[in-house]
There are 2 protein chains.
Amino acid sequence: MASSDPGQRDGTIGIKEVALAAGVSPGTVSNVLNRPERVAAGTRARVMQVISELGFVRNGSASSLRAGQGKLVGLMVHDLANPFFTSLAAGVEDLMSERGYAVIVCSSATSVEREDRNVRMLAEQGVRGVLVTPVQDGRDRLKLLHERGIGTVMLDHAATRAQQCSVSVDDIAGGHTAVAHLLEQGARDIAYVSGPLTIRQCADRRAGALKAVRQVPGAALREVEASDLTPRSGQEAAEHLLAELPDAIFCANDLLAMGVLRALLQQGVRVPERVLLMGYDDIEFTTASAVQLTSIRQPTYQLGRIAAELLLEECDNPADHAHQEILFQPELVIRESTTR
Amino acid sequence: MASSDPGQRDGTIGIKEVALAAGVSPGTVSNVLNRPERVAAGTRARVMQVISELGFVRNGSASSLRAGQGKLVGLMVHDLANPFFTSLAAGVEDLMSERGYAVIVCSSATSVEREDRNVRMLAEQGVRGVLVTPVQDGRDRLKLLHERGIGTVMLDHAATRAQQCSVSVDDIAGGHTAVAHLLEQGARDIAYVSGPLTIRQCADRRAGALKAVRQVPGAALREVEASDLTPRSGQEAAEHLLAELPDAIFCANDLLAMGVLRALLQQGVRVPERVLLMGYDDIEFTTASAVQLTSIRQPTYQLGRIAAELLLEECDNPADHAHQEILFQPELVIRESTTR
DNA sequence: GCAGGTAAGTAAAACGTGTCAATCCGTTAT
DNA sequence: ATAACGGATTGACACGTTTTACTTACCTGC
C-alpha cells in the first residue's frame with residue numbers, strides 16, 4: 001500500500017504531482033502558471049491551492065530549456081566597489097525584481113579577458129539580455145551575445161552598433177553647468193582638476209567647461225591632469241595650484257574634490273571664502289566632508305532603472321522595438337563650497 | 001543537396017552537431033566537457049577543436065536540468081548601495097568567477113516580503129547555495145532552501161541553525177580595541193555614539209567598549225544613541241555632547257563619525273587636539289575627510305571570499321563537510337584623528 | 001433539433017544535456 | 001590459440017517543463 005503512494009516517492013514535487021493532487025493534467029497546471037486566463041476560475045483556484053499546500057516550486061532550468069528563454073538577465077560593470085556602479089546596480093536590481101527577473105551580476109575588473117569570460121558565461125546561462133559598461137571600444141566583444149539574439153544595452157556609454165540601446169548622462173552639459181555656476185559666482189580664474197583625459201567622461205566634462213569659459217570675456221581655464229580619480233590624486237593635483245591660487249576649482253569627480261579640499265584646508269586656504277570648489281557625481285559620502293561640497297548629480301539609480309526597462313522592452317518585443325539612445329541631463333546641487 | 005546539410009538547419013549548435021562534425025557520439029562530447037580524463041587524448045583534442053570552430057556554447061538550462069544542479073549561486077544582502085555590502089559582494093563575485101560560478105545578486109532592502117520573494121526566486125533558479133545576510137531573526141525564512149537541500153552561509157551574522165556555516169567579524173573585540181586605543185592615548189571621559197542598539201553590531205561594539213573602560217580605573221563611558229547610521233544622525237548626536245565635551249568619541253560607524261566630525265569642526269572644536277575621534281568600518285571614502293579618521297578595519301572583501309569558499313566546499317562535499325563559524329578579528333587603523 | 005462555434009482541458013512530443021549499462025576492440029595471461 | 005580483461009566509446013533514456021494538436025462539452029442562432 002505504502003509502496004503505491006504516488007507523488008511522494010523521492011520528495012521532489014513537480015508539476016505532475018500537483019496535477020495528480022488537483023485532479024487535472026500537467027498541461028493545465030502549466031497553464032495556470034503561465035497563462036492563467038486560459039483556465040477556468042474554479043480549476044485555477046484549486047490548482048493554486050494545491051500548489052501552496054504541496055510547496056511546489058517551479059524548476060527554472062526545465063522551464064527555460066523548454067520555453068527557450070528564462071527569467072535571467074546579466075549585468076556587467078567595471079567595478080563592484082565603485083559607488084557609481086553600485087548605485088546603478090541597485091536601480092537595475094530593483095526594477096528587475098519588480099518584474100520577476102533575477103540578475104546575474106558580474107564584474108569585468110576592466111580586463112578584456114574577464115569580460116570575455118563573463119560574456120561566455122552569460123551566454124551559457126541563457127540570459128534574456130545583458131546590461132553592460134564595456135571595458136573598451138575596438139572589436140565587438142559582445143558579438144557572441146548578438147549572434148545568439150541576446151539583447152544588450154550600453155550603460156554610461158554610447159551605443160557601439162546601430163541596433164542597440166544606450167543610456168548615459170550628458171557629461172558635456174554637466175561640465176558646462178558646473179563652470180557656468182562658478183562664473184556666475186564671480187570666478188574668472190578657474191582650474192579644472194581632471195582625471196586621465198583618455199576616460200571619456202573626463203574629456204567630455206572638460207569640453208563642457210571650456211565652452212562655458214569661452215562664453216564669458218575675461219574668464220580662463222587652467223588645467224591639471226591627475227593620474228586617477230582618487231582623493232590621493234586630488235591632493236597631489238592641488239599642490240600644483242597652491243603657488244598661484246585660482247578663484248575656483250572644478251574637479252572631474254567628487255573623490256578628487258575631497259582630496260583637493262583636504263590639501264586646501266591643510267594650507268589654511270578657506271573654502272569657499274578664498275576658493276570656490278566643485279565636485280562631480282554627488283556621491284552620498286561627501287555629505288560627511290568638512291565643507292559641504294557643491295556637485296553635479298547624476299541620476300545613477302534612475303539610470304539603472306531606465307536601462308533595465310529598455311532591455312526588457314527589447315526582449316519582450318524584439319520585432320518592432322525602436323532602439324534609443326537616452327541621454328540624461330545632470331543636475332547642479334549647490335552647497336556651501338561655492339556659496340559665499 | 002543543400003537540404004541534407006546536417007547541423008546547420010536552424011543555426012543553433014548543440015552537442016549533437018559537434019558530435020557529428022567530430023565523428024563521435026554525443027555522449028563522448030559530453031564526456032569531453034565534464035570528465036575529460038575519461039576520453040582519449042586524440043579524441044579530446046579533435047572534439048575541442050570542433051567546439052571552438054563551430055562556436056558551440058553549452059546550454060546551461062539543459063545541463064542543470066539533467067545534472068540536477070548548475071553553476072549558479074545566490075547572494076542576498078540588505079542594501080546594494082552600502083559600501084560594506086558591495087565590498088563583500090566584490091569578494092564573493094571574484095571567487096565565484098574564478099571557480100566558474102555565476103552569482104545571482106539580490107537585495108532584501110531589509111524587507112521580509114522581499115527576502116521571501118528572493119528566496120523563492122533563488123530556489124526556482126536551482127542555485128547551488130546561497131550567501132545571505134538575514135533581515136531579522138525569528139522564524140526560519142530560509143526553510144524553503146534547506147528543505148530543498150540548498151546550502152546557506154550566513155554573512156556577518158551568527159549561524160541560526162546548528163548545521164550551517166557563518167562568517168562574521170568580532171564586533172566585541174572591535175569595540176574593545178577601539179576604546180583601548182583611546183584610553184592609551186590618555187582619554188578617560190569617553191563617549192560612544194551608537195546606532196540603534198537593536199542592531200547586533202552596535203550592541204556588540206558597545207559591549208566591547210564597556211569592557212575596555214572597566215579595565216581602567218577612573219575611565220567612564222557616556223552614550224548617545226543615534227536613530228540610524230548616517231552622517232546626518234551623527235551630526236545631531238554630536239550636539240548632545242557639545243555642552244560638556246568628552247576627551248574622546250567612539251562612533252559605531254564611519255558615517256556617524258563623519259557627521260560628528262563635521263559638527264565639531266563647525267563649532268571650532270579641534271580634532272584631535274581637543275577631542276579624539278574614532279570611527280568603525282574604515283570605509284574607503286573617509287580618506288577624503290578633513291581630518292583623517294582612525295577606524296577599525298573589517299576585512300569585508302576577504303569576508304566575502306572566505307564565505308564563498310565555505311559555500312562551495314559545502315556544496316561539493318555535503319556529506320563530510322564540517323560546518324564552521326568563522327570569526328574574523330578586526331584591525332585598528334590609526335590616523336590623525338586620534339594622534340596628538 | 002442541428003450545424004457551427006467557443007471555451008476548457010488533455011495527451012504526447014519535444015527542448016539539449018548527463019548518465020549508465022552495454023558494446024567494441026586491442027592487449028595480456030594462461 | 002583462447003579467455004579474460006580493461007580502456008574507450010556508444011546508444012538510449014530521463015530530467016521537468018511548455019506547447020501543439022486534439023477531444024470533449026457546452027452554448028448560440030436558425
Side-chain angles (χ1 to χ4, degrees), chain A residues 6-7 9-48 50-51 54-72 123-126 128 148-149, chain B residues 6-7 9-48 50-51 54-72 123-126 128 148-149:
Chain A
R9 282 196 315 278
D10 55 357
T12 193
I13 293 166
I15 218 177
K16 285 192 234 164
E17 285 72 24
V18 172
L20 192 65
V24 296
S25 79
T28 299
V29 177
S30 176
N31 278 334
V32 170
L33 260 38
N34 302 304
R35 301 112 113 195
E37 74 282 359
R38 294 201 191 174
V39 38
T43 321
R44 195 193 315 154
R46 186 157 31 99
V47 170
M48 300 212 299
V50 172
I51 283 180
L54 264 51
F56 165 77
V57 175
R58 157 217 251 117
N59 181 325
S61 304
S63 173
S64 45
L65 169 59
R66 178 59 238 230
Q69 52 185 353
K71 287 293 197 178
L72 279 174
E124 285 193 2
Q125 295 301 333
R128 199 83 177 271
R148 304 178 69 83
Chain B
R9 280 197 315 280
D10 55 357
T12 194
I13 294 167
I15 219 178
K16 285 191 234 165
E17 284 72 24
V18 173
L20 192 65
V24 296
S25 80
T28 299
V29 177
S30 176
N31 279 333
V32 169
L33 259 36
N34 302 304
R35 303 115 111 193
E37 73 282 359
R38 293 202 191 172
V39 38
T43 320
R44 194 194 316 153
R46 186 156 32 100
V47 170
M48 301 212 299
V50 172
I51 282 180
L54 263 51
F56 165 77
V57 175
R58 154 216 251 123
N59 182 326
S61 304
S63 172
S64 44
L65 169 59
R66 179 60 240 238
Q69 53 185 351
K71 286 293 197 177
L72 279 173
E124 286 193 1
Q125 295 301 333
R128 199 82 177 270
R148 305 178 68 83

Student: Both B:Glu37 and B:Ala67 contact DNA chain D. Taking the nearest nucleotide for each, which residue is further toward the 5' end?
Tutor: B:Glu37
Student: Classify the nucleic acid contact of B:Thr43 as base, sugar-phosphate or nothing, counting any heavy atom under 4.0 Å across all strands shown.
Tutor: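 It contacts sugar-phosphate atoms only.
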Student: Measure the spacing between OG of B:Ser61 and CG of A:Asn59 and express it to the nearest 0.5 Å.
Tutor: 9.5 Å
Student: Rounding to a whole Å, what distance do you find between A:Glu17:CD and D:dC15:P?
Tutor: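 Answer to the nearest Å: 11 Å.
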Student: A:Val32 and side-chain contact (heavy atoms from CB on, under 4.5 Å): which partner among A:Val50, A:Val39, A:Val24, A:Ile15?
Tutor: A:Val39
Student: Would you say B:Arg35 reaches C:dT19's phosphate, i.e. side-chain N/O to OP1/OP2 under 4.0 Å?
Tutor: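 For C:dT19, OP1 or OP2 has a side-chain N or O of B:Arg35 closer than 4.0 Å.
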Student: B:Arg44 has an atom CZ; how far is it from atom C1' of D:dG7, in whole Å?
Tutor: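 Those two atoms, CZ and C1', are 13 Å apart.
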Student: Take the protein atom CD1 of A:Ile51 and the nucleotide atom P of D:dT17, then report the distance between them rounded to whole Å.
Tutor: 10 Å
Student: Stepwise, does the side chain to side chain contact (heavy atoms under 4.5 Å, CB included) test hold for B:Arg58 with B:Asn34?
Tutor: CA-CA 11 Å; B:Arg58 154 216 251 123; B:Asn34 302 304; 2.7 Å; yes
Student: Is the distance from OP1 or OP2 of C:dT19 to the nearest side-chain N or O of B:Arg38 less than 4.0 Å?
Tutor: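 B:Arg38 to C:dT19 OP1/OP2: no side-chain N or O under 4.0 Å.
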Student: Counting the atoms with a prime plus P, OP1 and OP2 as sugar-phosphate, which does A:Gly14 contact under 4.0 Å by heavy atoms, base, sugar-phosphate, or nothing?
Tutor: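 The answer is sugar-phosphate, as A:Gly14 gets under 4.0 Å only of primed atoms, P, OP1 or OP2.
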Student: Any side-chain N or O of B:Asn59 under 4.0 Å from OP1/OP2 of C:dT17?
Tutor: no
Student: Whole angstroms only, please: what is the NZ-P distance between B:Lys16 and D:dT10?
Tutor: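 Going from B:Lys16 (NZ) to D:dT10 (P), I get 16 Å.
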Student: State the OG-CD distance between B:Ser63 and A:Gln125, to the nearest 0.5 angstrom.
Tutor: 9.0 Å
Student: Rounding to an integer number of Å, can you tell me how far A:Gln69 CD sits from C:dG16 C1'?
Tutor: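 In whole Å, C:dG16 C1' lies 16 Å from A:Gln69 CD.
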Student: What's A:Ser63 touching, base or sugar-phosphate or nothing? Going by heavy atoms closer than 4.0 Å.
Tutor: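 Sugar-phosphate contact only - A:Ser63 comes under 4.0 Å of backbone atoms but never of a base.
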Student: B:Leu33 CG to C:dG18 C1': how many Å, rounded?
Tutor: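 Going from CG in B:Leu33 over to C1' in C:dG18 covers 11 Å.
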Student: Strictly below 4.0 Å: does A:Ser25 bring a side-chain N or O up to OP1 or OP2 of C:dA11?
Tutor: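 Checking A:Ser25 against C:dA11: no side-chain N or O falls below 4.0 Å of OP1 or OP2.
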Student: A:Pro26 and A:Ala19: which non-hydrogen atoms are nearest, and at how many Å?
Tutor: N-CB, 3.5 Å
Student: Any N or O donor-acceptor pair under 3.5 Å from the base of D:dT18 to the side chain of A:Arg66?
Tutor: yes
Student: At under 4.0 Å between heavy atoms, what does A:Val29 touch on the DNA or RNA strands: base, sugar-phosphate, or nothing?
Tutor: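 No contact.
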Student: Of the listed nucleotides (D:dA8, C:dG16, D:dT18), which one gets closest to any side-chain atom of B:Ala40?
Tutor: D:dA8
Student: Using whole Å, what does the distance between atom P of nucleotide C:dG16 and atom CG of B:Asn31 come to?
Tutor: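 Result: 20 Å.
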Student: Grab the CG-P distance between A:Leu65 and D:dT18 for me, whole Å please.
Tutor: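 Taking CG of A:Leu65 and P of D:dT18, I get 11 Å after rounding.
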Student: Do you know the tightest heavy-atom contact between B:Leu33 and B:Phe56?
Tutor: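 So the two residues come closest at CD2-CE2, 3.8 Å.
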Student: Please confirm whether the shortest side-chain N or O distance from B:Ser30 to OP1 or OP2 of C:dT17 is below 4.0 Å.
Tutor: no
Student: Could you check which of D:dT9, D:dG16, D:dT10 has an atom nearest any side-chain atom of A:Thr12?
Tutor: D:dG16
